[in-house]
Amino acid sequence: MMGRHQRSRSASASSTATRSDITELDFAAADLDCPFGSVDALGPVELRETAYEIFFMSCRSSVAAPSRGSGGGAAEGEVSSPMAGAGARGGAAGGGVMGGRDKKALGLRSRRLSSGAQPMMARTLSQTSAPGSPGRSRRPMTSAEIMRQQMRVTDQSDARLRRTLMRTVVGQVGRRPETIVLPLELLRQLKPAEFTDAEEYHQWQFRQVKLLEAGLILHPSLPLDRLHSAVLRFREVMRATEIRAMDTGKNSEVMRALTSAVHALSWRSGIASAAVEACHWADGYPLNVLLYCSLLQTIFDLRESTVVLDEVDELLELIKKTWPTLGINRAVHDACLAWVFFRQYVITGQAEPDLAAAALAVLVDVAADATQGSRDPVYARVLLSALGGMQAWSEKRLLDYHDSYGKCIGGAATEGMEILLSLALATGKIIADREGAGDGNFAGDRVDYYIRCSMKSAFTKILENGLGETDSVIIDRDNDPASVLMQLASDTEQLAMFERRNFSPVLRRWHPAPVAVAAVTLHGCFGVVLRQYLAKVAVLTEELVRVLHSGSRLEKALAQMTAEDAADCDDGRAKAVVGDMEPFEVESVVMGLLKAWMDDKLGLATDCLLRARDTESWIPKSKEEPFAGSGMELMKLARFTLEEFSEIPASAKEEVVQDLVDGLEAIFQDYISFVASCGSKHSYLPPLPPLTRCNQDSGFFRLWKKAALPTCHAPEGSRRGGGSHHIPQPSISRGTQRLYVRLNTLHYVLSHVQALDASLGSSSAHLDRTRAEATSSISAVAEVAAHRLIFLDSRHSLYQGLYARGVGDARIRPALRLLKQNLSFLVSVLADRAQPVAVREVMRASFEAFLMVLLAGGNERSFARADHAAVEEDFRSLKRAFCTCGEGLVPEDVVAREAGTAEAVVDLMARSTECLIDAFSVAACEAAAAGEGDSGGGTTPLPPTTRKWEPADPNTILRVLCHRDDEAANQFLKRTFQLARRR
């Protein structure tokens, strides 16, 4: 605040600068920007000087006329100060800009005079006569003199201005001010001799040119083409003036060019062929508003910046005379005056509520002007800029009123908050109404918004103080996150009580339930932090349970405050606030946390399954762990999941255990299906050759066949010299080995699923489907692997080599040696639990291959009845190989049971041909009666091939006959089925 002191008419330039600097510093410290923008070429001091020049020109009264009541006359050749006799009116001003309204009407109290202080117009100034001269007298200051002193204009500048106007209006007494381009007249009339030095004159001259540029080119009131010839001429003069002072004499070409350009630009009309009654050089936005606000600023006492001069009516009446030149009307004036009062209230530290009250009083007129819907674009810009600036500055503090007023609550602070609320709501309502968005309860909605924003900001500060940083990642901090959240819950409750006690009484003027809004907002803020914390917790812990209980206590306290506040008012909106409080629902939070944890764990298991599908190569992890790595990883994840689940301290987990088991079981079943997806045994079974009848060999062919080397012996003899001592290497291919890795993995999964099932204890949820699926898949994979081993890896020694070209020369011994080597290797690579089923399936496949040699051996095989003994002996050797494999991997009774069907088929070979024919006829008749059979081209249908070799199956008996090397079988097959002879 400015100190009180007596001001003389000849205030020094240094004191003027000091006051200006202080004002600008206060302006900056208040963080208040001018809403109208700026003029780059002109600073605040230049704008103020220009404003005074326009004011002086607009208010001139007479030329060389004596001042009334002064007892003397003005110096010859000078223009007297305007309104020279205004002091005699005291404080009265009829009509005028303010509509006859004085300080009281604006809500301003009369000046509280201290000792020695006087109203501005009561102070006297010495006349121009020298001190000590006779006739000395003192007179009151006129309104114009007050204006000059308020605008800090020096005597030298004022004298130059009066002389210029005197010279301009000589012979043009009736010329109106708005027809004068003042800067151009100043350039014409003032000469270098009237300044201290050439540099000062040059700077002054260039300021006038910059002012013309701003008003005519940069901010014209009418649209202007920047390539206009007058603009180009003006630019040339301006560039020259920037370098050196221009010659302003009558014969100066530069002055003539400048005058021509200025006249062309200023005397323009917005309507073609319309008469131009005034020039336009200072009425463009924002230049005109900035100049006008500089004039309005003079209503505040320089010595005490929170005080409005008692002569405010007289000063505003004089300022009104600048309207034609600046293009101002009453509506624009009201908007600017409201801004000026608001600005002064802000830059003086909000110390004088009367200034804000004056701004609110003027805003009543602004609202009335705005409702008239003026379409003047300049007025719209001024209105929205002024009101927008006031609203923005006010709301910046209201959106965080805890920070703005919380430290000094009560008294002046509470009053200041109430003032800002009034200002923000008044300006916001005018803007909203003009934009058509002011329907409904505007004030209540905005206050609701202020409360929510300020509560969020205050809550954020509490949270940051508790964390020591602005990062909301609580779980990663060194301090105990549970302790932080419990303290936050306590601080949040204290904040709600502070709000209810201190701010809610003020806010209730505009909102029916401010306590409820604050409580609901805090409830939501804490809920956000709580959910952030919960999102970073994998399982329920004791600390988490304490945090949830703290949150529950806070929720009950806030809910009670909300309900009490809403119950005290009948407004439906207040009761609707209660519905905005979304409960924490601790139990549902626990359930959600459990489900989120469960989804996360199941997601990890699913990822493991997907990786297995993409990358699993079925290579065992090690000799000690002959399982696929994916299966081990999946079971490890499942075991850890159930262990963590068992440690969760929550009763709600019983409700989700079935969901967890179902999720794991689905993943296990998908993995088991993936492991078991290795084809079927049928892909390795050789196709059955067509049925033919044996060709009776000639004597020569029989001798040649005996001399031929058996196929099954050829590889041994060719590879090794001592074939009888050769020990064959296992013939298990890598593909078959990978199948047995699958088998190991399935057994590994099954054993761990059983352990997991047991860990569930008395729970009703079990992994029964997974165990059944694994057991079924183990049998399927073992069957496929056995058929691949026998029919693909061992095909040369068993199916393709056994009995080829004769029983006596291609017995089973070489195939048994290879089989035993394969079984030994198999036992070495299989897990203990996988060995029995694997060997059992190899036995079944071997028995099947043996029968196919006898029944579907192709053209290379034929048997006589006498071969039965050798074949029976070979089969017994095959059985014995499995009975002695390992340490009872296949019990003898199982071997005997599995071999029963094959032995019965072998026994068919011991029967005579006639007996076989009779048995076939009986079996065929029974099959025909059952509707089976297939026409083979003759009258008797061929029995269907089922690959289920049975001694009573007609197809099995027929195949024995097809491989019987005697004439009776040959004739029967030819006569009955017309089967072709072998080639």
Side-chain angles (χ1 to χ4, degrees), residues 681 684-685 728 730-732 736 739-740 743-744 747 775-776 778-795 797-799 801-803 807 811-857 867-910 947-953 956 960:
K681 68 176 184 177
Y684 299 107
L685 288 173
S731 62
I732 300 179
T736 305
L739 288 176
Y740 285 114
L743 186 62
N744 284 339
H747 270 282
T775 302
S776 173
I778 286 172
S779 299
V781 173
E783 183 181 54
V784 173
H787 279 73
R788 179 183 172 95
L789 173 65
I790 296 302
F791 289 99
L792 181 63
D793 299 345
S794 305
R795 65 184 184 278
S797 64
L798 186 57
Y799 177 69
L802 181 64
Y803 304 148
V807 173
R811 298 289 294 273
I812 201 171
R813 182 175 296 177
L816 286 179
R817 286 201 298 269
L818 181 60
L819 177 62
K820 290 178 180 179
Q821 291 296 323
N822 285 340
L823 288 175
S824 298
F825 181 78
L826 197 62
V827 170
S828 68
V829 300
L830 281 172
D832 292 343
R833 294 189 178 185
Q835 292 173 9
V837 66
V839 174
R840 185 169 61 248
E841 291 298 331
V842 172
M843 178 185 69
R844 289 174 177 170
S846 299
F847 290 171
E848 186 175 4
F850 190 88
L851 288 179
M852 288 189 67
V853 168
L854 301 180
L855 303 176
D867 293 332
H868 169 260
V871 172
E872 187 177 32
E873 181 183 359
D874 286 347
F875 189 71
R876 283 197 299 271
S877 299
L878 181 60
K879 287 170 52 180
R880 191 162 45 252
F882 290 102
C883 289
T884 59
C885 178
E887 298 179 0
L889 290 177
V890 184
E892 290 187 9
D893 59 330
V894 175
V895 175
R897 185 172 62 251
E898 295 292 340
T901 301
E903 289 176 335
V905 173
V906 171
D907 288 344
L908 291 175
M909 298 179 66
R947 282 186 180 264
K948 295 180 180 180
W949 316 124
E950 297 285 346
D953 175 43
T956 303
V960 173

[atom2] on [Y] to [atom1] on [X], rounded to 0.5 Å:
X      : Y      : atom1 : atom2 : result
Leu743 : Glu783 : CG    : CD    : 12.0 Å
Gln821 : Ile732 : CD    : CD1   : 10.0 Å
Asn822 : Leu816 : CG    : CG    : 11.5 Å
Leu851 : Thr956 : CG    : OG1   : 8.5 Å
Met843 : Leu823 : CE    : CG    : 11.0 Å
Ser828 : Gln835 : OG    : CD    : 8.5 Å

- Query: Between Phe847 and Phe875, how do the two ring planes meet: parallel, tilted or perpendicular, split at 30° and 60°?
  - Reply: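 Aromatic pair Phe847/Phe875 classed tilted.
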- Message: Could you tell me if Tyr803 and Asp874 have a donor-acceptor pair between their side chains, going purely by distance under 3.5 Å?
- Response: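 The answer is yes; a qualifying pair exists.
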- For Leu819 and Leu798, run side chain to side chain contact (heavy atoms under 4.5 Å, CB included): C-alpha distance rounded to whole Å, both residues' side-chain angles, the deciding distance at 0.1 Å, then the answer. CA-CA 9 Å; Leu819 177 62; Leu798 186 57; over 6 Å; no
Which heavy atom of [X] sits nearest to which heavy atom of [Y], and what is that distance?
X      : Y      : value
Val895 : Lys879 : CG1-O, 3.9 Å
Ala838 : Leu826 : CB-CD2, 4.5 Å
Arg788 : Tyr684 : NH1-OH, 3.3 Å
Ala785 : Tyr740 : CB-CZ, 3.5 Å
Lys820 : Ala881 : CE-CB, 4.1 Å
Leu878 : Ser846 : CD2-O, 4.1 Å

- Query: Is a side-chain N or O of Ser877 found less than 3.5 angstrom from the main chain of Glu873, in a donor-acceptor match?
  - Reply: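 Flag set: sc Ser877 to bb Glu873 pair under 3.5 Å.
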- Task: For the pair Ser794 (side chain) and Leu789 (backbone), establish whether a donor and an acceptor sit closer than 3.5 Å, ignoring hydrogens and angles.
- Result: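 Answer holds: yes.
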What I'd like to find out is whether the side chain of [X] reaches to under 4.5 Å of the side chain of [Y], using heavy atoms alone.
X      : Y      : value
Glu872 : Met909 : no
Val842 : Phe882 : yes
Met852 : Arg947 : yes

- Item | Set of residues satisfying side-chain hydrogen bond (donor to acceptor under 3.5 Å, both in side chains) with respect to Thr901, sequence neighbours excluded | none
- Query: Where do Lys948 and Asp953 land on the side chain to side chain contact (heavy atoms under 4.5 Å, CB included) test, with the steps shown first?
  - Reply: CA-CA 8 Å; Lys948 295 180 180 180; Asp953 175 43; over 6 Å; no
- Run the numbers on Asn744 and Arg833 for side chain to side chain contact (heavy atoms under 4.5 Å, CB included), then give the verdict. CA-CA 8 Å; Asn744 284 339; Arg833 294 189 178 185; over 6 Å; no
- Message: Would you say CZ of Arg795 has more than 12 non-hydrogen atoms from neighbouring residues, nucleotides or ligands within 6.0 angstrom?
- Response: yes
- Query: Could you walk me through whether Tyr799 and Ile790 pass the side chain to side chain contact (heavy atoms under 4.5 Å, CB included) check?
  - Reply: CA-CA 8 Å; Tyr799 177 69; Ile790 296 302; over 6 Å; no
